[in-house]
Participant: 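The structure under discussion is supplied below as structure tokens; questions concerning it will follow.
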Amino acid sequence: FLMAGQRRDCIGLLLTSSSDEAVELFNKALRAFVSFNESMIPYATKAGELDCSFALIHCMLAVYWLSDLQPPTDTRVASHLEALKNGAAQHLTEREKAHVRATLCYGSGDLPKAAEEWTAILIENPKDVLALRFVFRAHFALGQFDRIRDVLSGLLPWWSCHDDLYPHILAYYAYALEQTSQ
């Protein structure tokens, strides 16, 4: 049963959006973001245009640009952080609210707190690949490859070869193992 404004992402997790087309584009952006096969920017940008209050799109784009070493004052970042502070975070699921909190922490430079929030999301939602991608980025920026390894090892039992993103999860895990000399 879905409440008004709720949809499901490509993994099956609830999203808050007013637009089916925006969710379809979010799913394309998410797959591109996880797989590195193509840029997620065109999909995410268009999804944001279709639903300007789509919080997870604002999270995705803000973290992407921040991870690209853009300062929080850069217009590509600031507009998404402002949207999250000023209304895009209303009527969200608890998971989405946690993403917003984590993104705002990331935007303020508190990467450890952001990583903690995204890890908490993954404990409750082990297939939240957006949280996985973000926690990976945060720990990577902090040089905490052992934390990446530990988070991923806890998620692997929830994934199977029947999940189409599973090869990418394994690739992240292999990278973390290599970085920790295992």
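When a residue number appears, it is its place in the shown sequence, counting from 1. Atom set for the values below is all heavy atoms of this structure, side chains included, hydrogens, waters and symmetry mates excluded.
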Participant: Is the shortest side-chain heavy-atom distance between Asp164 and Arg31 below 4.5 Å?
Facilitator: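 Contact flag for Asp164/Arg31 side chains = yes.
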
Participant: Between Ala115 and Ala138, which heavy-atom pair has the shortest distance, and what is it?
Facilitator: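 The answer is CB-CB, 3.9 Å.
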
Participant: Not counting sequence neighbours, which residues clear side chain to side chain contact (heavy atoms under 4.5 Å, CB included) with His99? List them please.
Facilitator: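 Expected list: Leu56, Cys59, Arg95, Trp118, Ile121, Asp128, Leu130, Ala131, Phe134.
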
Participant: Would Phe140 and Phe145 count as a close aromatic pair, with their ring centres under 6.0 Å?
Facilitator: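 Yes, close enough.
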
Participant: Would you call Val77 and Asp74 a side-chain contact if the rule is heavy atoms closer than 4.5 Å?
Facilitator: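 Result yes, sub-4.5 Å side-chain heavy-atom pair found.
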
Participant: Can you find a heavy atom in the side chain of Trp159 that is under 4.5 Å from one in the side chain of Leu165?
Facilitator: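 Yes; the side chains approach each other to less than 4.5 Å.
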
Participant: For the residue pair Glu116 / Thr119, report whether a side-chain donor-acceptor contact shorter than 3.5 Å exists.
Facilitator: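 Side-chain D/A pair, Thr119 to Glu116: absent.
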
Participant: If you round to the nearest 0.5 Å, how far is CG of Leu25 from OG1 of Thr45?
Facilitator: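 Going from OG1 on Thr45 over to CG on Leu25, the span is 10.0 Å.
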
Participant: Measure from the side-chain N and O atoms of His58 to the backbone N and O of Cys52, and report whether any donor-acceptor pair falls under 3.5 Å.
Facilitator: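 Looks like yes, one N/O pair under 3.5 Å.
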
Participant: Any sub-3.5 Å donor-acceptor pair from Glu96's side-chain atoms to Thr93's backbone N or O?
Facilitator: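 Confirmed, Glu96 side chain pairs with Thr93 backbone.
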
Participant: What's the spacing between Met40 CE and Leu61 CG if we round to 0.5 Å?
Facilitator: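 Atom-to-atom, Met40:CE and Leu61:CG are 5.0 Å apart.
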
Participant: Is there a donor-acceptor contact under 3.5 Å linking the side chains of Arg7 and Ser17?
Facilitator: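 No.
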
Participant: Quick one about Glu117 and Tyr106 (side-chain donor to acceptor, distance below 3.5 Å, no hydrogens or angles considered), yes or no?
Facilitator: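 No.
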
Participant: Would you say that more than 12 heavy atoms from the other residues, nucleotides or ligands in this model lie under 6.0 Å from the CD of Glu124, or not?
Facilitator: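 No.
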
Participant: So, do Phe54 and Phe26 have ring centers that fall under 6.0 Å from each other?
Facilitator: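 Ring-ring flag for Phe54/Phe26: true, centres closer than 6.0 Å.
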
Participant: I need the Leu104 CG to Lys113 NZ distance, nearest 0.5 Å.
Facilitator: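 Reported value, rounded in 0.5 Å steps: 12.5 Å.
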
Participant: Contact between Asn125 and Leu13 at the side-chain level, heavy atoms closer than 4.5 Å - yes or no?
Facilitator: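 A side-chain contact exists here, since the closest heavy-atom pair is under 4.5 Å.
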
Participant: Going by side chain to side chain contact (heavy atoms under 4.5 Å, CB included), name the residues that satisfy it together with Ser79, two or more places apart in sequence or in a different chain.
Facilitator: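 If we apply the side chain to side chain contact (heavy atoms under 4.5 Å, CB included) test to Ser79, skipping adjacent residues, there are no hits.
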
Participant: Pairing donors with acceptors under 3.5 angstrom, does anything connect the side chains of Arg133 and Tyr172?
Facilitator: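 A donor-acceptor contact under 3.5 Å links the two side chains.
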
